[in-house]
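Keep in mind the model is a prediction, meaning the values are calculated, not measured. In what follows, every chain begins at residue 1, and chains take the letters A, B, ... in the order their sequences are listed.
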Amino acid sequence: MPEINPTEPSNFIEQIITEDIKQGKNQGKVHTRFPPEPNGYLHIGHAKSICLNFGLAQKFGGKCNLRFDDTNPVKEEQEYIDAIMRDVRWLGFDWEDRLFHASDYFEQLCAWAEKLIQDGKAYVCDLSAEDVRLTRGTLTQPGKESPFRIRSVEENLDLFRRMKAGEFPDGSHTLRAKIDMAAPNLNLRDPVLYRILRATHPRTGDQWCIYPMYDWAHGQSDSIEGITHSICTLEFEDHRPLYDWFVEQLGIHHPQQIEFARLNLSYTVMSKRKLLQLVRDGRVSGWDDPRMPTLSGLRRRGYTPEAIRNFTERIGLAKRASVVDVAFLEHCLREDQNQPAPRRMAVLRPLKVVIENYPEGQVEQMEAINNPEDPSAGMRLLPFSRELYIERDDFREEPPPKFFRLAVGREVRLRYGYIIKCERVIKDATTGEVIELRCTYDPTPLAQITRKVKSTLHWVSAQAAVNAEVRLYDHLFTQEDPEDVPEGEDWTAGLNPNSLEILTGCKLEPILAEAESGYHCQFERQGYFCADLDSKPGRPVFNRSVGLKDEWGRLEKKQGAGG
RNA sequence: UGGGAUGUCGUCCAACGGCAGGACACAUGACUCUGGAUCAUGGUAUCGGGGUUCGAAUCCCUGCAUCCCAGCCA
């Protein structure tokens with residue numbers, strides 16, 4: 001990664017913090033936090049926030065907490081808590097001893113609620129959820145004050161304590177802040193602080209039957225933790241006046257909230273609600289389906305923490321709502337993998353080649369470079385034999401213009417092998433499908449060949465090949481913007497029916513037989529692949545993480561488009 | 001229609017009153033035992049209209065467009 005110069009702010013938040021330090025705010029300290037709700041798995045958008053918050057702490061010599069905003073037990077689960085911690089660690093960040101939960105502060109939050117009541121700034125409201133909605137007013141009209149707004153401090157205190165003690169049924173009462181029902185900012189129209197909710201909380205179990213609303217818990221949690229810069233996404237800009245009001249009423253440490261635009265990716269949905277729906281409806285195999293933008297999905301797909309960190313750094317940071325081209329994410333993976341990934345031979349859609357003038361039964365061990373980008377990666381041996389597999393795509397009966405690969409009468413080079421010439425084609429008698437190529441080879445070692453040969457193909461010895469399953473992925477959605485669907489349809493209408501293609505009977509070079517899950521390599525001329533969780537010794541399963549840039553593919557598409 | 005925000009290449013981000021720059025994408029070429037990688041080259045942008053200024057993407061006025069807010073979700 002490029003050296004970061006701490007004196008040179010790289011985005012507007014760093015500018016603000018640099019200025020704050022210069023002004024001596026917070027005694028020059030920087031303390032941030034990453035505050036997920038454990039109601040789903042982390043995705044690449046969260047990675048942006050994680051890298052930002054932990055990165056800021058690193059850059060300015062401060063600290064970053066991990067805090068679960070676990071205020072809604074109805075949606076939150078231990079599975080998510082575990083997954084989130086796993087993913088943050090995997091991304092490369094360490095919260096050390098600073099693992100916190102909003103639920104750690106439930107007692108304190110209650111005490112503060114009582115203080116608000118004492119000060120006449122909060123009241124218990126008996127209105128139903130429906131009535132609260134009806135009296136909130138609209139965007140253009142002020143709300144109506146609740147008839148319970150005028151209750152005495154004593155009555156409010158008594159009622160609130162009885163709410164907490166479990167004397168009232170769910171939904172029968174709320175504690176509300178007494179602010180301004182006519183405020184143009186809807187968040188200030190007597191927001192609910194507590195609701196009665198009998199649900200088992202992943203951490204506190206059945207200890208509580210009232211739970212604080214996020215708005216009531218979040219700012220105070222930051223305050224308790226001594227957060228100096230409370231970084232969140234744009235939609236909370238409207239809530240800032242409310243958070244400010246709370247800490248002011250309470251007279252406690254006032255974190256500075258700074259909002260930034262969340263990450264959107266083309267051809268991708270990024271809301272946890274939608275991702276959850278994809279999982280629940282079985283549109284994907286799970287949260288870690290390699291097509292998912294979740295960190296667990298990207299990891300399984302073959303993305304590395306470095307690639308993701310670099311991506312989040314390079315997309316920049318601003319307040320403008322934007323959509324990053326998913327091609328840029330893919331670029332970051334290629335860039336990350338080009339230097340380190342060992343090169344391997346793999347034929348995905350095999351076509352048999354018989355070299356008629358190559359001695360039957362003979363096997364030569366050809367020396368192959370493991371990684372042309374890294375001489376220290378050394379060499380390996382590749383068995384060459386009379387029968388081979390090449391890629392079906394590398395042969396055409398009627399080669400279009402600019403197609404440099406194999407055709408009858410043409411020569412190509414087999415990488416680390418020999419030059420072969422296609423003599424004739426054998427077809428299936430009934431279907432007419434090409435099932436075998438009969439070729440001859442030039443026994444001259446490649447190093448001594450002086451004539452120009454246009455193309456180099458990858459290949460695998462038929463005898464030595466390892467059978468494998470390879471999974472190819474495409475974007476989950478066919479539309480750049482999944483919301484851009486015909487009238488009356490919802491976002492699932494744009495789901496790409498071809499986002500997963502499973503190839504069986506792929507032929508890998510022998511060394512790949514024992515690849516362990518998580519093993520990354522490049523299949524030459526095709527892309528970066530990694531062994532999937534489902535991979536077993538002797539029965540490898542590979543995921544295509546990202547394809548290589550494909551000039552011929554582009555040309556072909558252009559030709560197909562008649563251009 | 002109230003409030004909050006945002007408008008710069010196709011996309012993302014810079015430029016903080018002084019030559020609009022980078023990355024991705026795209027195009028062209030060089031090189032190549034990966035049509036990979038690498039290298040070179042090219043095109044395309046300041047939302048509109050006024051104003052201030054020697055000078056405006058930047059400051060002021062005005063219009064327009066887009067996003068967010070009417071959960072006892074976060």
Is A:L188 touching bases, backbone alone, or none of the nucleic acid, heavy atoms closer than 4.0 Å? nothing

So what's B:G18 paired with, Watson-Crick or G-U wobble, going by both distances under 3.5 Å? B:C54

Can you tell me the Watson-Crick or wobble partner of B:G71, both distances under 3.5 angstrom? none

Look at the side chain of A:T294 and the backbone N and O of A:W287, then say whether any donor-acceptor pair between them is shorter than 3.5 Å. yes

Base of B:C73, side chain of A:E37 - is there a donor-acceptor contact under 3.5 Å? no

Where the side chain of A:D238 is defined as all heavy atoms beyond and including C-beta, which of B:C69, B:A14, B:U34 is the nearest nucleotide? B:C69

I want to verify a distance call: between B:G2, B:G35, B:G3, whose nearest atom is closest to the A:F403 side chain? B:G35

Considering every strand and a 4.0 Å limit on heavy-atom distances, what is the contact class for A:V323: base, sugar-phosphate, or nothing? sugar-phosphate

Could you tell me whether the phosphate oxygens of B:C13, OP1 or OP2, come under 4.0 Å of any side-chain nitrogen or oxygen in A:S322? yes

Among B:G36, B:A15, B:A74, the one nearest A:Y214 by side-chain distance: B:A74

Report the relative orientation of the aromatic rings in A:F403 and A:W552; use parallel for angles under 30°, tilted for 30 to 60°, perpendicular for over 60°. perpendicular

Any A:Q339 side-chain nitrogen or oxygen under 4.0 Å from OP1 or OP2 of B:U38: no

Within the structure shown, what part of the strands sits under 4.0 Å from A:Y211 by heavy-atom distance: base, sugar-phosphate, or nothing? nothing

Could you tell me whether the phosphate oxygens of B:U34, OP1 or OP2, come under 4.0 Å of any side-chain nitrogen or oxygen in A:R344? no

Which part of the nucleic acid, if any, lies within contact of A:K402, taking any heavy atom under 4.0 Å across all strands shown: a base, the sugar-phosphate backbone alone, or nothing? base

Which is true for A:T174 with a 4.0 Å heavy-atom rule: it touches a base, it touches only sugar-phosphate, or it touches nothing? base

Which nucleotide, B:A74, B:G3, B:G36, lies nearest any side-chain atom of A:L548? B:G36

For the backbone of A:D70 and the side chain of A:H201, can you confirm whether one donor and one acceptor N or O come within less than 3.5 Å of each other? yes

Output the single nucleotide from B:C69, B:C68, B:U34 whose closest atom is nearest the side chain of A:L139. B:C69

Identify the nucleotide, in any strand shown, that forms a Watson-Crick or G-U wobble pair with B:A5, with both distances under 3.5 Å; if there is none, say none. B:U66

Counting just side-chain N and O atoms, does A:H458 come under 4.0 Å of either OP1 or OP2 of B:U34? no

Using the ring of each side chain (for Trp, its six-membered ring), is A:H239 parallel, tilted or perpendicular to A:Y243, with breaks at 30° and 60°? tilted

Does B:G71 fall in syn (glycosidic angle within 90° of 0) or anti? syn

Just N and O in the side chain of A:T71: are any of them under 4.0 Å from OP1 or OP2 of B:A74? yes

Ignoring hydrogens and geometry, is there a side-chain-to-backbone donor-acceptor pair from A:R33 to A:I231 under 3.5 Å? yes

Using a 4.0 Å heavy-atom cut-off across all strands, classify A:L446 as base, sugar-phosphate, or nothing. base

What is the nucleic acid contact for A:Y194, judged by heavy atoms within less than 4.0 Å: base, sugar-phosphate only, or nothing? nothing

Tell me whether the side-chain N or O atoms of A:Q522 pair up with the base of B:U34 as donor and acceptor below 3.5 Å, since no angle test is needed here. yes

My understanding is that a pair needs two contacts under 3.5 Å, Watson-Crick or G-U wobble. By that rule, which nucleotide pairs with B:U44? none

If each of A:V324 and A:T138 is mapped to the nucleotide of RNA chain B with the nearest heavy atom, which maps nearer the 5' terminus, i.e. the 5' end? A:V324

Looking at B:G35, I'd like to know if its phosphate oxygens (OP1 or OP2) sit under 4.0 Å from a side-chain N or O belonging to A:R525. yes

Between A:R136 and B:G71, is there a contact of a side-chain N or O with OP1 or OP2 at under 4.0 Å? yes

Within the structure shown, what part of the strands sits under 4.0 Å from A:E259 by heavy-atom distance: base, sugar-phosphate, or nothing? nothing

Taking 5.5 Å and 30° as the limits, would you call A:F328 and the base of B:A23 a stacked pair? no

So what does A:R343 touch, heavy atoms closer than 4.0 Å: a base, only the sugar-phosphate, or nothing? base

Do the side chain of A:R133 and the base of B:G71 come within less than 3.5 angstrom through a donor-acceptor pair of N or O atoms? no

Can you tell me which nucleotide in B:A25, B:U34, B:A5 comes closest to the side chain of A:H331? B:A25

Under 4.0 Å, heavy atoms only, any strand: does A:P372 hit a base, just the sugar-phosphate, or nothing? base

Across the strands shown, which category fits A:H173 at heavy-atom distances under 4.0 angstrom: base, sugar-phosphate, nothing? nothing

For the side chain of A:T140, starting at C-beta, report the closest nucleotide among B:U34, B:G2, B:C24. B:G2

Verify, without hydrogens or angle tests, whether A:S545 (side chain) and A:Y303 (backbone) share a donor-acceptor contact under 3.5 angstrom. no

RNA chain B: A:F404 or A:L317, which has the more 5' nearest nucleotide? A:L317

Quick one: CD on A:E480 to OH on A:Y267, what's the gap to the nearest 0.5 Å? 4.5 Å

Look at A:R195 and B:C73 and indicate whether a side-chain polar atom (N or O) is within less than 4.0 Å of OP1 or OP2. yes

Whole-Å gap separating C1' (B:A74) and CZ (A:F68): 15 Å

Charged N-O contact under 4.0 Å between A:R67 and A:D222: yes

Counting heavy atoms from C-beta on, name the nucleotide in B:C72, B:A37, B:A25 closest to the side chain of A:A129. B:C72

